2 protein chains.
Amino acid sequence: MRSRQRVTLESVAAHAKVSRQTVSNAINAPDVVKPETLARVLDSIAELGYQPSRAARQLRTRRSQILGYALGPVTYSVYGTIGDRFVHGLAQAAQERGYRIMLFAASNDDEEIVQFDELLSGADLDGFVLTNTHHDDPRTTWLTERDVPFVTFGRPWDAEHGTHPWVDVDGAAGTAAATRHLHELGHTRIAYLGWPHGSGVGDDRRSGWSSTMAELGLNADERWQETTDNATEHAEVAAARLLRRVGPSAVVCVSDTVGLGVMQAAESQGRRVAVTGFDDSAVSYVAGMTTLAQPIAEAARRALALVLRQIGVEPGGTAARNELLPPELIVRRTSIRPDPLSGTVGS
Amino acid sequence: MRSRQRVTLESVAAHAKVSRQTVSNAINAPDVVKPETLARVLDSIAELGYQPSRAARQLRTRRSQILGYALGPVTYSVYGTIGDRFVHGLAQAAQERGYRIMLFAASNDDEEIVQFDELLSGADLDGFVLTNTHHDDPRTTWLTERDVPFVTFGRPWDAEHGTHPWVDVDGAAGTAAATRHLHELGHTRIAYLGWPHGSGVGDDRRSGWSSTMAELGLNADERWQETTDNATEHAEVAAARLLRRVGPSAVVCVSDTVGLGVMQAAESQGRRVAVTGFDDSAVSYVAGMTTLAQPIAEAARRALALVLRQIGVEPGGTAARNELLPPELIVRRTSIRPDPLSGTVGS
DNA sequence: CAATCATATTGGATCGTTCAAACATTTGCC
DNA sequence: GGCAAATGTTTGAACGATCCAATATGATTG
């Protein structure tokens with residue numbers, strides 16, 4: 001298992017002919033060590049391949065240099081690839097600063113809170129990164145009450161709960177961009193197919209469409225909207241209604257899967273309808289659907305910086321405690337050449 | 001941060017009127033403690049909400065109860081949702097046994113090995129779970145030489161390297177099932193579109209088709225095969241060649257994305273061709289493609305059991321050191337009703 | 001030149017757990 | 001009843017790092 005003897009502070013100290021504490025200072029407070037001594041110590045560290053024992057450090061300092069990230073129940077739809085990429089970005093960013101991400105599973109908020117408690121007392125986690133925030137989220141309240149550093153990927157959807165650090169993608173800016181894009185292409189009859197009212201993300205995305213329509217002086221009343229859950233087959237039904245009712249030339253959609261429903265409805269009614277989705281999923285890529293790509297890696301990086309700042313290891317005094325990143329419009333076939341054949345899979 | 005005083009072995013001992021060590025024994029070796037004492041100690045533990053400090057335990061025992069899992073470079077194609085689900089299953093299974101998963105990022109094998117080294121000496125990880133094994137994998141060699149417990153999700157593709165515990169999905173069994181399924185539907189002209197020779201996974205999946213074809217007494221020579229990388233547009237080109245050359249009535253494909261290429265080629269040549277994919281990705285769902293679903297959660301659970309057995313915390317003396325799980329055939333439209341319209345997105 | 005100050009380094013104590021061995025208690029047997 | 005063996009419990013030391021207080025070193029000054 002361990003071939004060679006473990007390299008410890010003591011052995012490095014002996015090798016560099018200084019004391020333990022000097023080696024420790026060389027690592028944690030290099031400025032209090034005389035430059036030539038410092039150089040000698042660092043040489044020894046490199047030569048022996050010294051790695052501080054995290055356990056020992058943690059025991060003394062009560063800091064683990066580990067952040068927790070909860071994996072919720074398996075979701076196939078929206079978070080399919082998003083979650084994957086976010087975790088990846090998080091792990092990468094953390095690693096660059098000497099932190100690590102520890103996973104835990106929880107299938108609902110209450111279970112997650114139990115895990116918080118366990119991880120805080122047992123593993124001494126330094127903070128948490130939460131995703132999938134929603135109205136009346138008990139997790140943020142719990143953590144805030146206990147002064148545990150954390151950041152959320154997703155805005156706090158209730159203003160009252162006070163504000164904690166968060167990072168989010170600006171859904172409204174995304175649908176606004178899509179709407180403007182369609183308008184520039186000459187569309188004026190632009191409808192919206194979204195999720196039912198009440199979900200933070202869904203309402204945010206809808207608002208980008210409606211406010212932009214208003215700015216452009218275009219009609220965006222109730223008749224121009226429909227709602228559906230995220231299943232493609234349900235979206236198709238809702239889209240069929242919408243198409244028959246107002247006969248739009250374009251539909252802005254809350255997600256790629258919903259967008260796909262619109263494409264199918266248009267196909268079976270034999271209409272040409274421009275479509276935009278949201279999320280830049282594999283499905284949208286394959287369907288050639290214009291969509292909005294979330295800057296996931298960047299969001300993860302910012303999120304990490306925010307927790308670390310809260311923990312106190314990153315500077316950033318006056319810097320913002322939250323970040324709203326605009327998604328990028330990915331223009332594909334469905335918005336610029338929505339002929340019936342575009343209903344075909346792939347290009 | 002920490003409202004109440006930390007509960008330690010000592011405080012539990014005081015509360016139960018025994019010594020530290022007895023409390024420790026109550027947890028780690030309950031059978032050496034007198035039943036009535038044990039009960040009293042366990043009561044105190046519950047009452048005080050005691051959680052052993054992982055750091056302290058780790059410092060003493062050199063066991064962290066943490067397993068490492070590497071996130072490779074972001075891959076969009078095959079591992080899209082697979083990786084996500086595997087990690088989830090792993091985290092869940094680990095948690096149930098008091099273990100945790102720690103993530104780290106590495107963009108290639110060498111980087112990953114550097115991380116192994118760092119994590120072993122610094123964080124005292126107890127073992128690793130590797131994915132994406134390939135020919136001449138330096139990682140397994142490195143870990144084996146150092147007697148570090150690990151398991152791979154994916155077979156060791158070179159026999160010479162000795163054998164370590166692994167879990168894998170039986171690709172050959174999958175394509176064999178698909179081939180038999182097509183034969184039962186009356187197909188006899190069944191072609192195969194796979195990845196270039198040399199990749200373990202690709203060759204394995206091809207072999208399931210070719211051996212089944214042989215069993216059925218059907219032609220499966222070179223003319224009935226083509227290879228392509230995993231990009232749909234390249235697959236379409238290869239598929240077009242294949243369709244023109246032998247005019248198959250069905251094509252078994254190495255992946256969903258490749259399968260999609262076949263659907264597109266069939267569509268543009270106006271042919272009816274049954275198609276099966278592999279992976280049960282969102283793309284196959286949306287395209288209504290018959291495919292093979294990997295039992296990912298189960299694979300994760302088995303993988304975890306194998307590492308833990310190697311570490312020594314799980315029993316399983318004579319149990320197998322590797323597991324080959326059959327994928328499940330998901331029958332959808334593209335194999336049973338492959339009319340031209342089936343080229344349309346969704347159902 | 002001695003006294004003062006600032007700075008660099010050192011030794012001891014500590015975090016919370018488990019290991020190893022010593023100690024105390026009960027049981028078994030002639 | 002007494003001694004040995006088995007069982008149950010307690011004590012001291014150690015894991016490897018950081019914190020704290022004390023000391024050694026060098027520079028500065030009256």
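Model, not experiment: these values are computed from the prediction. Side chains included, hydrogens not; waters and symmetry mates left out as well; all remaining heavy atoms used. First the proteins, then the strands, lettered A, B, ... as listed; each starts at 1.
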From [atom1] of [X] over to [atom2] of [N], roughly how many Å is that when rounded to an integer?
| X | N | atom1 | atom2 | value |
| --- | --- | --- | --- | --- |
| B/Leu9 | D/dC15 | CG | C1' | 15 Å |
| A/Arg6 | D/dA17 | CZ | C1' | 10 Å |
| A/Arg63 | D/dC19 | CZ | P | 10 Å |
| B/Arg57 | D/dG16 | CZ | C1' | 18 Å |
| A/Asn28 | D/dA17 | CG | P | 11 Å |

I'd like to check B/Leu120 versus B/Val148 (side-chain heavy atoms, cut-off strictly below 4.5 Å). Are they in contact?
yes
Hey, where on DNA chain C does chain A first and last touch, going 5' to 3'? Cut-off is any atom under 4.0 Å from a heavy atom.
C/dA8 to C/dG16
Quick one: is B/Thr61 getting a side-chain N or O under 4.0 Å of the D/dC15 phosphate, OP1 or OP2?
no
Would you call the rings of [X] and [Y] parallel, tilted or perpendicular, where under 30° means parallel and over 60° means perpendicular?
| X | Y | value |
| --- | --- | --- |
| B/His164 | B/Phe150 | tilted |
| B/Phe128 | B/Phe104 | perpendicular |
| B/Phe153 | B/Phe86 | parallel |

What pairs with B/Asn322 under side-chain hydrogen bond (donor to acceptor under 3.5 Å, both in side chains), at least two apart in sequence or on another chain?
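Listed in chain order: nothing, the list is empty.
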Return the set of residues passing side-chain hydrogen bond (donor to acceptor under 3.5 Å, both in side chains) with B/Thr8 (not counting sequence neighbours), or none when no residue passes.
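For B/Thr8, no residue satisfies side-chain hydrogen bond (donor to acceptor under 3.5 Å, both in side chains) once neighbours in sequence are set aside.
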Tell me which pairs pass salt bridge (Lys or Arg N to Asp or Glu O under 4.0 Å) where either residue lies in residues 97-112 of chain B, with sequence neighbours left out.
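Passing the test, one end in residues 97-112 of chain B: A/Glu118-B/Arg100, B/Arg97-B/Glu314, B/Asp109-B/Arg139, B/Glu112-B/Arg139.
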Is there any protein nitrogen or oxygen under 3.5 Å from a nitrogen or oxygen in nucleotides 23-25 of chain D, and what are the pairs?
none

Any protein N or O atoms within reach of nucleotides 9-12 of chain D? Criterion: under 3.5 Å, listing atom names and distances.
{"from": "D/dT9", "atom 1": "OP1", "to": "B/Thr37", "atom 2": "OG1", "distance (Å)": "2.6"}
{"from": "D/dT9", "atom 1": "OP2", "to": "B/Lys34", "atom 2": "N", "distance (Å)": "3.1"}
{"from": "D/dT10", "atom 1": "OP2", "to": "B/Ser19", "atom 2": "N", "distance (Å)": "2.9"}
{"from": "D/dT10", "atom 1": "OP2", "to": "B/Ser19", "atom 2": "OG", "distance (Å)": "3.2"}
{"from": "D/dT10", "atom 1": "OP2", "to": "B/Thr22", "atom 2": "OG1", "distance (Å)": "2.9"}
{"from": "D/dG12", "atom 1": "N7", "to": "B/Arg20", "atom 2": "NH2", "distance (Å)": "3.3"}
{"from": "D/dG12", "atom 1": "O6", "to": "B/Arg20", "atom 2": "NH2", "distance (Å)": "2.8"}

On DNA chain D, nearest-nucleotide positions of B/Pro35 versus A/Glu10: which is more 5'?
B/Pro35
Who pairs with A/Arg302 by salt bridge (Lys or Arg N to Asp or Glu O under 4.0 Å), at least two apart in sequence or on another chain?
A/Glu298, A/Glu323
Any Lys/Arg nitrogen of B/Asp126 or B/Arg62 sitting under 4.0 Å from an Asp/Glu carboxylate oxygen of the other?
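Judged by the 4.0 Å cut-off on N to carboxylate O distance, B/Asp126 and B/Arg62 do not form a salt bridge.
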Side chain to side chain contact (heavy atoms under 4.5 Å, CB included) partners of [X], counting only residues at least two apart:
| X | answer |
| --- | --- |
| A/Ser44 | A/Val12, A/His15, A/Ala16 |
| B/Asp43 | none |
| B/Lys34 | B/Glu36, B/Thr37 |
| A/Val87 | A/Tyr69, B/Leu71, B/Leu103 |

Double-helix bend of the helix from C/dC1-D/dG30 to C/dC30-D/dG1, axes at both ends from 5 pairs, round to 10°, gives 50°
